[in-house]
Amino acid sequence: MNMIGKMIAGRYEIIEEIGKGGMARVYKSKDKLLNRYVAVKVLKDDYKDDKEFVRRFNTEAQAAASLSNPHIVSIYDVGCEDGMYYIVMEYIEGETLKDYIERVEVIPWRKAAEFALQICEGIEEAHNNSVIHRDIKPQNIIMAPDGVLKITDFGIARAATQATTTMASNNTIGTAHYLSPEQARGGYTDERTDIYSMGVVMYEMLTGTLPFDDSTAVAIAIKHLQETPTPITEINPDVPKALEAVVMKAMTKEQNSRYSSITDMISDINKVLIDPDIQVYNKRKPRSANSASGSNTVKLPSINSDGSLGSRIPGIDLDDYDKQDKEFEAMERLNEKRARRIKKKKERKIAFVAFISALAVLAAGIAVAFAVTDGFGIFMTSSDTISIPNLVGKTLKDAQSEYGKTFSILEQSKTESTQPVGTILEQSPSSGTTVANRDNIIIRVITSSGSSSITLKSYSGMSYDEAKADLEKLGLECGKIEKVNADVKEGLVFEQTPVAGSALAAGDMVTLTVSSGPEKTPEPTKEVKQNNSRTESDTTTNNNRNEEASSEKIDNDRSDTRSDSDSYTERESSGGSGGGSEDSDSGSGGGSEDSGNSGSGGGSEDSADLDSGGGSEDGGGADGGLID
């Protein structure tokens, strides 16, 4: 099946195939959600219907996911989609240790010891968490460009008959060239199984060759059981005897004779790096072939010059490889049948005990239900399970608001991403998982903390509410200023500080200038209207009064004019020179009551001025006198 371009779980896009083995294929993929490259290992179709292997696949993958060490490839996700089982792992640019060994042939002993320490530290982390790899080999060790080694493929190797792939019985897993003796004979495996394989890896790094090699997996397995490898110092004299002793102790065929823990092996490697001449342990004296010790190890005879064996191992024809393969396969099938029988017996016992227990629990439940409900309603059905919803892509606030009544949604951690702050990136359990319906179902989520650098976009033309909501999603604060702007619709943003394109950090303030529309003339208030009305009324009243006053003045002026005219007429009729009246002035002689002034004679009431002789009110006089 062509996987290139396929999307797995809605987020992992397959880009290219970067490796394959007997059981699975590995693809370089892009995690669309977290925007990073990952490695996706997909189980081959040939094994997806093998329930036992699928169970082991999931169990071991989940166990590896619990490990956290710089020398172990991180496991991000495990799942099944449309019958396809996959594991999502850390993607590392680099080459395998096997490729490196083939390229350089022999690794200098100090560098090989340092590499071994890195691998052992990863194995130590696994053993401390009760995880046994069972397939330690250079092909499963990736070397990053900076020289850091990481172990991958925890517990995934399984059956095949080719020397280049893996081999297994019901209880054993491993690759033929790096197989421990107990794996070859289907015996008990533990942490010391990984120690043996680590010894083989060190042997290959120091010599550039494998300790045991042949054309078939069975022949190689038999050599692991019976042969002793060529001493390392005979192939590479530069290797210290102490380091050779470490490797040979790790490769001892009896489990009890190996290092009891990988930590002890790390300690001895460090001692050799400090002092290459140190004696790390005393070798045991080899047992003779006729010893009655009960050992099942048989030393192979020497090989003649023509390539044939000098003698035979009883019961085994090492030249007839086809026959060996058939015998091994028959033995493997027999072991599998025996294991299936044992498993079925255990399953029957477990099923019987479970059935009896279930009956007891059911009876107790019915009794309690009758006691509580008086026998009513106990047969009513309800949903026993519930499906976990998909929260990825929602904000934590929205998810809690939508599903908070049914689930307890807890924020486990935050991680930097391009998604808005508070957006859920991952959840556990994953969406679609069916769980028991109970009161407190917890969903733990990982949310986005936003990007450390936020590029501000332009909010011109956007409503203030929309712009504010967008800024808050990015983790930014929002301020508002309103200004009159006849060219921009009321409520829309037309300026911002900082400007678009600025780089901001979460928590920074962005001020938006919002249009309040064109300038508006305010309507007069009720009080102003009343004041204006009073002002107009007062103005009208004053105008009327002024008009009345003006009319009265005109009448008074007319009355005065008539009075003056009558007086003047009387003076004209009194005439003469000498005597004068009250309102008249004579030319010479008497004066008036109003103290008129004359040049040589009397004056009038209205201040007539006379040069000589009498004068009148209107300026008449003998010699032209004037009256003001």
Charged N to carboxylate O under 4.0 angstrom, Glu182 versus Arg192? no
Hey, does the side chain of Asp275 reach the backbone of Asp277 with a donor-acceptor pair shorter than 3.5 angstrom? yes
CD1-CD distance between Ile220 and Glu227, expressed to the nearest 0.5 angstrom: 11.0 Å
Measure across Val40 and Tyr86 and return the closest heavy-atom pair with its distance rounded to 0.1 Å. CG1-CB, 4.1 Å
For a salt bridge (charged side-chain N to carboxylate O under 4.0 Å, His left out) check, start with the C-alpha distance between Glu90 and Lys150, then their side-chain angles and the critical distance, and finish with the verdict. CA-CA 10 Å; Glu90 175 186 5; Lys150 290 177 178 279; 3.8 Å; yes
Where Cys120 and Met265 come nearest, the two heavy atoms and their spacing: SG-SD, 4.5 Å
Side-chain contact, heavy-atom cut-off 4.5 Å: Gln255 with Asp190? yes
CD (Gln400) and OG (Ser408) are apart, to the nearest 0.5 Å, by 9.5 Å
Measure from the side-chain N and O atoms of Asn35 to the backbone N and O of Asp31, and report whether any donor-acceptor pair falls under 3.5 Å. no
Report yes if some heavy atom in the side chain of Tyr259 is under 4.5 Å from a heavy atom in the side chain of Val246; otherwise report no. yes
Min side-chain heavy-atom separation Leu206-Leu243 under 4.5 Å: yes
Give a yes-or-no answer on whether the side chains of Asp194 and Ser197 include a donor-acceptor pair shorter than 3.5 Å. no
Hey, are Asp99 and Thr96 close enough side-chain-wise for a donor-acceptor pair under 3.5 Å? yes
Step by step, would you call Tyr85 with Val78 a side chain to side chain contact (heavy atoms under 4.5 Å, CB included)? CA-CA 8 Å; Tyr85 293 87; Val78 179; over 6 Å; no
Hey, does Phe407 have a side-chain heavy atom less than 4.5 Å from the side chain of Ile386? yes
For Ile8, is there any backbone N or O sitting under 3.5 Å from a side-chain donor or acceptor partner on Glu81? no
When rounded to the nearest 0.5 angstrom, what distance separates CD1 in Ile446 from CG in Leu396? 12.5 Å
How far does CD of Gln118 sit from CG of Leu97, to the nearest 0.5 angstrom? 10.0 Å
Would the number of heavy atoms belonging to other residues, nucleotides or ligands and lying under 6.0 Å from CD of Glu347 be above 12? yes
Can you confirm whether Ile235 sits close enough to Thr209 that some side-chain heavy atom of one is under 4.5 Å from a side-chain heavy atom of the other? yes
Please tell me if the side chains of Phe115 and Tyr100 come closer than 4.5 Å, counting only heavy atoms from C-beta onward. yes
Regarding Asp135 and Tyr178, do their side chains bring together a donor and an acceptor under 3.5 Å, going by distance alone? no
So does Glu13 pair up with Lys6, basic N to acidic O under 4.0 Å? no
Salt bridge flag under 4.0 Å for residues Glu204 and Lys98: yes
For the residue pair Val445 and Leu391, establish whether any side-chain heavy-atom pair is separated by less than 4.5 Å. yes
After noting the C-alpha distance and the side-chain angles of Met3 and Arg25, does the key distance pass the side chain to side chain contact (heavy atoms under 4.5 Å, CB included) rule? CA-CA 10 Å; Met3 294 288 294; Arg25 297 179 186 271; over 6 Å; no
Taking every heavy atom of His177 against every heavy atom of His224, the minimum-distance pair comes out as O-NE2, 3.1 Å
Check for a donor-acceptor pair, side chain of Thr406 on one end and backbone N or O of Tyr403 on the other, with a separation under 3.5 Å. no
Checking side-chain hydrogen bond (donor to acceptor under 3.5 Å, both in side chains) for the pair Asp398/Thr395: CA distance, chi angles, key distance, verdict? CA-CA 5 Å; Asp398 291 345; Thr395 64; 3.0 Å; yes
Minimal non-hydrogen separation, Met84 against Val42, with atom names: CG-CG1, 3.4 Å
Quiz question: by atom type and distance under 3.5 Å, do the side chains of Asn128 and Glu124 form a donor-acceptor pair? no
Is it the case that the side chain of Ser449 and the backbone of Thr415 share a donor-acceptor pair, with hydrogens and angles ignored and the cut-off at 3.5 Å? yes
What's the separation between atom CG in Asn236 and atom CD1 in Ile107, rounded to the nearest 0.5 Å? 11.0 Å
If only side-chain N and O atoms count, and only distance matters, is there a donor-acceptor pair under 3.5 Å linking Ser417 with Ser448? yes
Could you check whether Lys30 makes a cation-pi contact with Tyr37, meaning its NZ or CZ is under 6.0 Å from the centre of the six-membered ring and within 45° of the ring axis? yes
Minimum heavy-atom distance Pro429-Ile388, with the two atoms named: O-CG2, 3.7 Å
If you define the side chain from C-beta out and look only at heavy atoms, does anything of Ser180 sit under 4.5 Å from Met251? no
For the pair Asn69 (side chain) and His71 (backbone), establish whether a donor and an acceptor sit closer than 3.5 Å, ignoring hydrogens and angles. yes
Would you kindly check if the NZ (Lys) or CZ (Arg) of Arg36 is within the cone defined by 45 degrees around the ring axis of Tyr76 and under 6.0 Å from the six-membered ring centre? yes
CD of Gln419 to NZ of Lys473: how many Å apart, nearest 0.5 Å? 11.0 Å
Test log, rule side chain to side chain contact (heavy atoms under 4.5 Å, CB included), inputs Thr152 and Met89: CA-CA 9 Å; Thr152 186; Met89 305 177 293; 3.7 Å; yes
Atom CG of residue position Asp82 - does it have more than 12 heavy atoms of other residues, nucleotides or ligands inside 6.0 Å? no
Is it true that a side-chain atom of Arg258 and a backbone atom of Lys253 form a donor plus acceptor pair closer than 3.5 Å? yes
For a quick test of reading the model, state the closest non-hydrogen atom pair linking Thr230 to Glu234 and the distance between them. CG2-OE1, 3.7 Å
Residues Glu402 and Lys394 bridged, charged N to O under 4.0 Å: yes
Give the C-alpha distance, both sets of side-chain angles, the deciding distance and a yes or no for side chain to side chain contact (heavy atoms under 4.5 Å, CB included) between Tyr27 and Ile18. CA-CA 5 Å; Tyr27 300 91; Ile18 56 176; 5.7 Å; no
